[in-house]
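Step one of this worksheet: look at the structure below.
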Amino acid sequence: MDTNIATSNLKSEDYFINMGPQHPATHGVLRLLLTIDGEIIKKVEPDLGYIHRSIEKMCERDSYQQIVHLTDRMDYLSSHINNEAVCLTVENALQLEIPERVKVIRTIIGELTRIASHTLWWGVMGMDVGALTTYFYGFRDRELINDIFEETCGARLTMNYNIPGGLMFDIHPNFVKRTKEFIAHFKTKLPEYDRLLTGNVIFQKRMKGVGILTKEDAISFGASGPVGRGSGYSCDVRKHHPYSALDKVTFKEVLRTEGDSLARYEVRIQEMWESMSIIEQLIDNIPEGDVQVATNAVIKLPKGEFYQKVETARGELGVYVISTGTKNPYRLKFRSPGFSNLSLLNHIAVGGKIGDLVASMATLDIVVPDIDR
Amino acid sequence: MSYFGDIAKGIKTLLTGMSVTGKYFLTSRKGAITQQYPDNRETLKMFERFRGEVVMPHDESNEHRCTGCQKCELACPNGSIEIIWDRQIDAETGKKKKMIDQHIYHLGMCTMCGLCIEACPTDAIVWAQNFENSVYDRSYLTKVLNKPESKVKAGIED
Amino acid sequence: MTNEALQNLISSWIPELEFTEEGSQFLNITVQPEQLHQLMSQLKTNSETSFDYLFCLSGVDWGKELGVVYHLESTTHRHIVVVKVQTEDRENPTLDTVSNLWLTADFHECEVFDFFGIIFNNHPNLKRLFLTEDWDGFPLRKDYVDEINMVIK
Amino acid sequence: MNITLSITKNIHNWLFSIMPEGVASITEMVLIAVVYLAIFAVAGLYLVLLERKVAAWFQLRIGPNRVGWWGLLQTMADALKLVSKELTGTVKADKFLYNLAPYFVIVSALMALAVFPFTQEFQAFDINIGILFLIAISSIGVIGILLGGWSSNNKFALIGAMRSGVQTISYELSVGLSLLTMILITGSLQLSEIVEVQKNGWLIVQGHIPAVIAFMIYMIAGTAETNRAPFDLVEAESELGAGFHTEYSGMKFAYFFLAEFINMFIIAAIATTVFFGAWLSPFGITESIPLLGVVWFLGKTLIIVFLMMWFRWTFPRLRIDQLLTLEWKYLLPLNLLNLVLMALIVWLNLTIQF
């Protein structure tokens, strides 16, 4: 019997599923329109904009000091680094000489932010693959960093500690002590992460060979951060375009060549070790000095275009400012890492199962406000 | 034989994971991270730099330090500060001077960025560590920071 | 490759390009819309330039013209150029897509289309990415007005 | 000393003395059913509380501690809330099946409880095909899940239901085969006789190596049967929202929820009966005090329940194809091998008996 004839008479339709905008795995209000065939994903179409706040348009209206606090609300898990990006852009444009103390403090807090972001990611990652306990262990360690931030900056998440020209105020006297305590604590807890989740046979099977992204595709998709480095693409802005005090420290750029979800996972775990080593190199000799250089109350950037990239916890954040010499930017574009990283989701998820989609999306470490801006 | 080897290795990793959670199960009474919030109000103290809300400190003679220069209003990115002022005759000099009438602060619009406090030349406004800001009606979030009948402290100039 | 060397090389492909380094830390190339795709594919495929990493694609409303700015980096040579293209047609601005060269341009061009209304020829799936399909106007254009939601300071 | 038994016997005799025989047996059945229902509804609620407390301790939290002393009334309050909650549903749902589904699940869960020997002669229904009855009943529950997922007219629910079907069909085999392995020792399907055999040592000791393997397989398959993590693909919060019960609310949802916990109890109770000597104490004094047997039975069951909770709060979830791989490529062949091994051991009289 010719089976082709039999099946050609059967009507078949695509099966659509709306994952989101309210869904536990999308980490915010992101809608994914899935076309599936049973459990197998045929297409993933992200639908964005549920929390778009038009930050780029608001920036055209605000002064440069005011723009900084808007960037807190983009990628809220690495808000300090976002602030730093804008401040560096302004400082470079004005050719301000920033005190060494500021640079070192910015780098330390930036790396703490990275650890805080990665611990949260680790907890949520575990939850996405069904291990609910990781969430609490991740948050336990993250709380300590948030306490350090709160003591020094006054806020736990949206810190707004940077201002163009330096820092808003000096670090708290307890900062160094608490940071050292945290590093000592976290060095005992990070191996526990590996024992609980990384080594687990179920987890390994879930992650290995899933969501493969080749190096060429990673570059072409503009993947950055741990997503790019998991594919063997050396894209660490801290190495290639060092900023603040990052040229004074030695650290290893973590690279994995597998390009699968497990590689991206391991890159982040290793990065926490590297971040701790960066902090350890700087924490004992924070240079004395001012934490601000005087700027005009109304900052006017010279006419021209300025681009600054920094490495946030998610990847490369670019700030592109076009100035016409007034107190507001003419156009300000944030090249956010999450946006580029999300665009490759369809590429790595097609052909996998629904569970694979969730797992690989977790390794992309998407923060929706970062995408929607 | 890798078939059985895999099974043994797999079981070992599972037991390793269980030992981590098991250890915490036994020690959880000591290491509980739960904050029993409304009960620990007395001991729960925010850090001194914590940004809860903007307040204007008054001294015992009901005097504050705000001259009504409007620098905070300009610095605020969200328009959460509005200053209503008029020109009044200064009692000492007899000249007409800008005097603050009301310093209105919309807590509901505030993003706690701290730019107003940075901008204030006379340190008239500071952060308060109050974090229980929820109210039943949105209109309660609009606050007048200077108390009624309060005056500018003598000698404060911007 | 230094900026001069890049300039010499690239101008040998297409003579009528404008180069400038004024007011920017990178080498800026201004290209006519007709030659955009040719230039971009040269920049990507030529082994001496091999700009394989499009790290930023931003739409800009220059007042009279609408334009797109491409920031390109080579991951092998680690040099950077900025390519600018402008079109004066504000009613129906059309440019060629580069999404067949860099996959990341797919999303970024949708974003530019969404906020600036620049239509990209041959784009596989040009749609409003952030805003709803029936949104009126293009918010990041300078002449966009929304009296209710925009607070002018 | 036979307090429990004399009470039941007294009631039995009293009922038969005041009524004609037919009416009396019906009344007795209803009475037992009501008692069982009441006890296990409450027991189910306390299992939920236990789960929440245990989860909290694994996760460095405190757990419910507000309602009642130490949070002991928390789940009661939850149940009260769920009862008073509005029952919602989708417009195009298949109303009849949609409403029927939760009852399928809860009734099959409660039915299975009838055959357990909680202590000596304390058993509502001592049927001679006890194990078979348990396996049969426990697979009816999945019909409720399938119905619920299908009829609620929700795509997530449907995927959850399909996963549930696949999962139960596969793991039913392993549960059955691992229990069959143990039946080779006992030679009977009747639960009371299985207990009787264990007076010479618990079956896990009698059967030593193959029994331990059978127990491990049974625990894995049993966890999968109850749709609990790491096999909770049916619900899989991070993938399907809430899976098959996405569209259920109020008491109907509570039935599913309660059934899950009662099923967990059943799986643990089967393990206790078949592997760990049911109500028999390890020290052999149960004969004289039957009431203590209940304590032993529940104690052993709760330890196994705790083990399942430990699994749940430690392991990540499997993917659907890995779930099937685990069953068909690992558990099933091992189980068959184990069955042969056990047969050899029984045949050669290598069992350990005291």
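The figures that follow rest on heavy atoms only: side chains count, while hydrogens, waters and symmetry mates do not. Order of the sequence lines fixes the chain letters, A, B, ..., with proteins taken first and strands second; residue numbering starts at 1 for each chain. In this text the structure is predicted, and so the values were computed from the model without any measurement.
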### Part of A:Asp72 lying under 4.5 Å from any heavy atom of chain B
neither

### Query
Quick one: what part of B:Ala75 sits under 4.5 Å from any heavy atom of chain A, side chain, backbone, both or neither?
backbone

### Task
Take atom NZ of A:Lys300 as the centre, draw a 6.0 Å sphere, and report whether it contains more than 12 heavy atoms from other residues, nucleotides or ligands.
no

### Region of A:Arg156 that comes under 4.5 Å of a non-hydrogen atom in chain B
neither

#### Entry: Between OG1 on residue B:Thr16 and CG on residue A:Leu197, distance to nearest 0.5 Å
12.5 Å

### Query
chain A heavy atoms under 4.5 Å from B:Lys9: which part of the residue, side chain, backbone, both or neither?
neither

## Note on the structure
Looking only at A:Asp147, A:Leu70, A:Asp194, the option with the highest number of non-hydrogen pairs under 4.5 Å against chain B is A:Asp147

### Query
Got a second to check how far B:Cys113's SG is from A:Arg73's CZ, nearest 0.5 Å?
7.5 Å

### Query
Got a sec: does the NZ of A:Lys208 have more than 12 other heavy atoms crowding it under 6.0 Å?
no

#### Entry: Atom pair CG (B:Leu74) and CD (A:Gln66), whose distance is rounded to the nearest 0.5 Å
8.5 Å

## Note on the structure
Shortest non-hydrogen pair, A:Tyr137 vs B:Val20, comes out as CE1-CG1, 4.3 Å

### Message
Which heavy atom of B:Glu118 sits nearest to which heavy atom of A:Ile163, and what is that distance?
### Response
OE1-CD1, 4.4 Å

### Query
Hey, is CD on B:Gln35 packed in by over 12 heavy atoms from elsewhere, all under 6.0 Å?
no

### Atom pair CG (A:Leu196) and OG1 (B:Thr13), whose distance is rounded to the nearest 0.5 Å
11.0 Å

### Message
With rounding to the nearest 0.5 angstrom, report the CG to CG distance, A:Asn160 to B:Leu115.
### Response
5.5 Å

### Message
Which one wins on heavy-atom pair count under 4.5 Å against chain B: A:Val68, A:Thr158, A:Asp170?
### Response
A:Asp170

### Query
Between B:Arg49 (side chain) and A:Thr152 (backbone), is there a donor-acceptor pair under 3.5 Å?
yes

### Query
Is it the backbone or the side chain of A:Met58 that comes under 4.5 Å from a heavy atom of chain B, or both, or neither?
neither

### Task
Enter the distance from B:Ile117:CD1 to A:Met168:CE here, rounded to the nearest 0.5 Å.
8.5 Å

### Query
Which atom names give the shortest non-hydrogen contact between A:Arg195 and B:Ser19, and what distance separates them?
NH2-OG, 3.8 Å

#### Entry: Winner by heavy-atom pair count (cut-off under 4.5 Å) against chain B, out of A:Phe136, A:Phe169, A:Phe203
A:Phe169

### Query
Is it the case that more than 12 heavy atoms not belonging to B:Phe131 sit under 6.0 Å from its CZ atom?
yes

### Query
Heavy-atom distance under 4.5 Å to chain A: side chain of B:Gln129, backbone, both or neither?
neither

#### Entry: Minimal non-hydrogen separation, B:Thr111 against A:His69, with atom names
OG1-CD2, 3.1 Å

